[in-house]
There are 2 protein chains.
Amino acid sequence: MIEYHNLNEPIYLKVKEMIINGELKPGEKIIQEKIAEQLGVSRTPLMKALLALENEFLVESIPRRGMYVKSFGEKEIFDIYICREALEGMAARLLAQSNNKQKKEQLKQCFVPFIGQPNININDYAKADEQFHSLLIKLTDNAPLDKIYFFGNIHEQVINRGLLRPPEETLDEHIKIIQAIEHGNANQAEKCAREHIEKSRILLLNH
Amino acid sequence: MIEYHNLNEPIYLKVKEMIINGELKPGEKIIQEKIAEQLGVSRTPLMKALLALENEFLVESIPRRGMYVKSFGEKEIFDIYICREALEGMAARLLAQSNNKQKKEQLKQCFVPFIGQPNININDYAKADEQFHSLLIKLTDNAPLDKIYFFGNIHEQVINRGLLRPPEETLDEHIKIIQAIEHGNANQAEKCAREHIEKSRILLLNH
DNA sequence: ATAATGAATTTTGTATACAAAAAACAAAAA
DNA sequence: TTTTTGTTTTTTGTATACAAAATTCATTAT
């Protein structure tokens, strides 16, 4: 992602924000003319943004019916976690194989402020969490892998549902991933990354 | 994919075909008005198709410059193989875990005509190969995983480059994957699927 | 009151028009 | 000849217009 269509990126970002913050609710129909007017543009560039969002799984198009804000069922979020497991596992493997110290350091920095801390601010930690998972993908320097990062948005959706595991539980898991990457242990890095996501996925199953 | 935008799917398919068969060459600029006229439509629906193709990595957009047919460097194809390794590996695991006999049978059928055959027709085998890898994804019944199947197109590109390993080598690998899935051995299925793709990737490195 | 039918309204999908930016070209200067 | 500058042409990006389809609403029949 990043620098989407330079020109309609503002539109893309605005609509995305409206979806994330619930201004446009899941399942709601996106009436193009209405939204276009709100944003002060015509339907043509709005449509481009909507098509981009469709490819990120945030919007669903039903031909001749319209565009709808995607609403995720349990099964769908489950499926997304399966994909994340595969992709982030591979990302961890690749980073472990690389010997770019600087990248490894960046990952480490995400959680440094929380180590040994008794009272962790949930909001700050959630930000660091997202930052970490995003970095994991970006640092692999693999453009297709990066492109598939529409999962990131869904990650936010999951957070909004309050399905975040407590820091006491995940901080250690994050650190284990980082350590395996640091030590160049590719198998271990992939295993930890996958287990980390698998645990969240299983939590999801039990509501 | 499948049933893209019902209405502009014909446009989408035609442009895709033009790219696959080389009518539009890698790196070539797509002059919208020209192509639109060729297809007998206006730029508006063509743009939708091009945006879909952009998301499949077949077209690249440079803002205010235009849309270009994507040309793949070695590095990029390598990166795509990395993604395939992660995703098809996961797909093999999921299928091994399922106990849907019918799905497993479908996979098996792909290569039945070639088993024990002394002279294998390369074209027929290549088709079966693609069918198998496509099925592997489709049968998982995981929509996001399926959506990421723009790799399929790239698979074709790779075939066009003549980078296909001989059936004597890969037939056995395919059968091993299918057997592991049949026996419900998830770890083995994932391992075989990944090694299978990894071997192609390594071949790619040595031209 | 409920269901069915048909008009009125809304909304999508596509074509077209036009301004702004980029590319191509030609003429002039180094 | 090569580079620079200015002009013309092409092409993109966006707005708008309009037909076809879908939806809504009111009217009629059950």
Side-chain angles (χ1 to χ4, degrees), chain A residues 1-19 22-71 147, chain B residues 1-19 22-71 147:
Chain A
M1 315 287 102
I2 289 233
E3 72 126 332
Y4 227 84
H5 282 158
N6 280 1
L7 285 169
N8 54 43
E9 203 186 347
I11 304 174
Y12 160 84
L13 287 173
K14 192 73 202 6
V15 178
K16 186 164 167 176
E17 197 195 315
M18 288 167 85
I19 293 172
E23 201 172 330
L24 288 167
K25 289 177 190 63
E28 185 177 340
K29 181 168 181 180
I30 296 169
I31 292 155
Q32 297 175 192
E33 206 138 15
K34 196 174 116 194
I35 304 296
E37 198 186 20
Q38 275 183 39
L39 302 184
V41 294
S42 80
R43 280 167 58 211
T44 315
L46 173 65
M47 179 54 85
K48 286 189 188 180
L50 291 176
L51 287 169
L53 290 167
E54 192 194 358
N55 274 291
E56 288 180 34
F57 253 51
L58 284 177
V59 157
E60 189 173 22
S61 156
I62 302 175
R64 268 288 166 201
R65 282 253 148 71
M67 307 282 255
Y68 295 80
V69 178
K70 187 119 186 51
S71 74
K147 184 143 184 132
Chain B
M1 310 296 92
I2 286 232
E3 71 125 333
Y4 226 84
H5 282 157
N6 279 0
L7 284 167
N8 54 44
E9 203 187 348
I11 305 174
Y12 160 84
L13 287 173
K14 193 73 199 14
V15 177
K16 186 164 168 176
E17 196 195 316
M18 288 168 85
I19 293 172
E23 203 172 329
L24 288 167
K25 287 179 191 63
E28 184 177 341
K29 181 168 181 178
I30 295 169
I31 292 155
Q32 296 173 197
E33 206 137 15
K34 196 174 116 196
I35 304 296
E37 198 186 17
Q38 276 183 38
L39 302 185
V41 294
S42 79
R43 280 168 58 211
T44 315
L46 174 64
M47 178 55 85
K48 286 190 188 178
L50 290 175
L51 288 170
L53 290 166
E54 190 194 359
N55 274 291
E56 289 180 33
F57 253 54
L58 283 177
V59 157
E60 189 173 24
S61 155
I62 303 175
R64 269 286 167 204
R65 283 254 148 70
M67 307 282 254
Y68 296 80
V69 178
K70 186 117 186 53
S71 74
K147 185 142 183 131

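Quick note on labels: first sequence line is chain A, next is B, and so on, each numbered from 1.
One interatomic measurement links the two molecules: CD1 of Ile35(B) to P of dT14(C), which rounds to 18 Å at whole-angstrom precision. Atoms CD1 (Ile11(A)) and C1' (dA15(D)) sit 12 Å apart, rounded to a whole Å. For Leu46(A) and dG13(C), the CG to C1' distance is 14 Å, given to the nearest whole Å. Rounded to a whole Å, the CD atom of Glu33(B) is 11 Å from the C1' atom of dA15(C). Between the CD atom of Glu9(A) and the C1' atom of dG13(D) there is a distance of 16 Å, given to the nearest Å. For Ile30(A) and dG13(C), the CD1 to P distance is 12 Å, given to the nearest whole Å. Straight-line distance from the CE atom of Met67(A) to the P atom of dA22(D): 17 Å, rounded to whole Å. Separating the CG atom of Asn8(A) from the P atom of dA15(D) is a distance of 11 Å, rounded to the nearest angstrom.
When the options Glu9(A), Lys14(A), Lys16(A) are evaluated for a side chain to side chain donor-acceptor pair (under 3.5 Å) with Tyr12(A), the one that passes is Lys16(A).
Closest to the Lys48(B) side chain, of the nucleotides dT14(D), dT14(C), dT12(C), is dT14(C). Of all nucleotides listed (dT12(D), dA15(D), dT14(C)), dA15(D) comes nearest to the side chain of Pro45(A). Checked against dT12(C), dT12(D), dA15(C), the side chain of Lys29(B) finds its nearest nucleotide in dT12(D).
In this structure dT10(D) sits in a base pair with dA21(C), meeting the Watson-Crick or G-U test at under 3.5 Å.
Atom CG of Leu24(B) and atom CG of Leu58(B) lie 11.0 Å apart (nearest 0.5 Å). The distance from atom CE of Met67(B) to atom CG of Leu50(B), rounded to the nearest 0.5 Å, is 4.5 Å.
The shortest distance between the side-chain N/O atoms of Arg43(B) and the OP1/OP2 oxygens of dA17(C) is not below 4.0 Å. Look at Ser42(B) and you'll find a side-chain N or O under 4.0 angstrom from OP1 or OP2 of dA15(C). The shortest distance between the side-chain N/O atoms of Arg65(B) and the OP1/OP2 oxygens of dA21(C) is not below 4.0 Å.
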Between Glu37(A) and Glu33(A), does a side-chain contact (heavy atoms from CB on, under 4.5 Å) hold up when you go through it step by step? CA-CA 6 Å; Glu37(A) 198 186 20; Glu33(A) 206 138 15; 5.9 Å; no
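Nucleotides of DNA chain D nearest to Arg64(A) and Gln32(B) differ in position, and the one nearer the 5' end is that of Gln32(B).
Under a 3.5 Å cut-off, the side chain of Lys29(B) and the backbone N or O of Arg65(B) do form a donor-acceptor pair.
No contact: Lys34(A) has no heavy atom under 4.0 Å from any strand.
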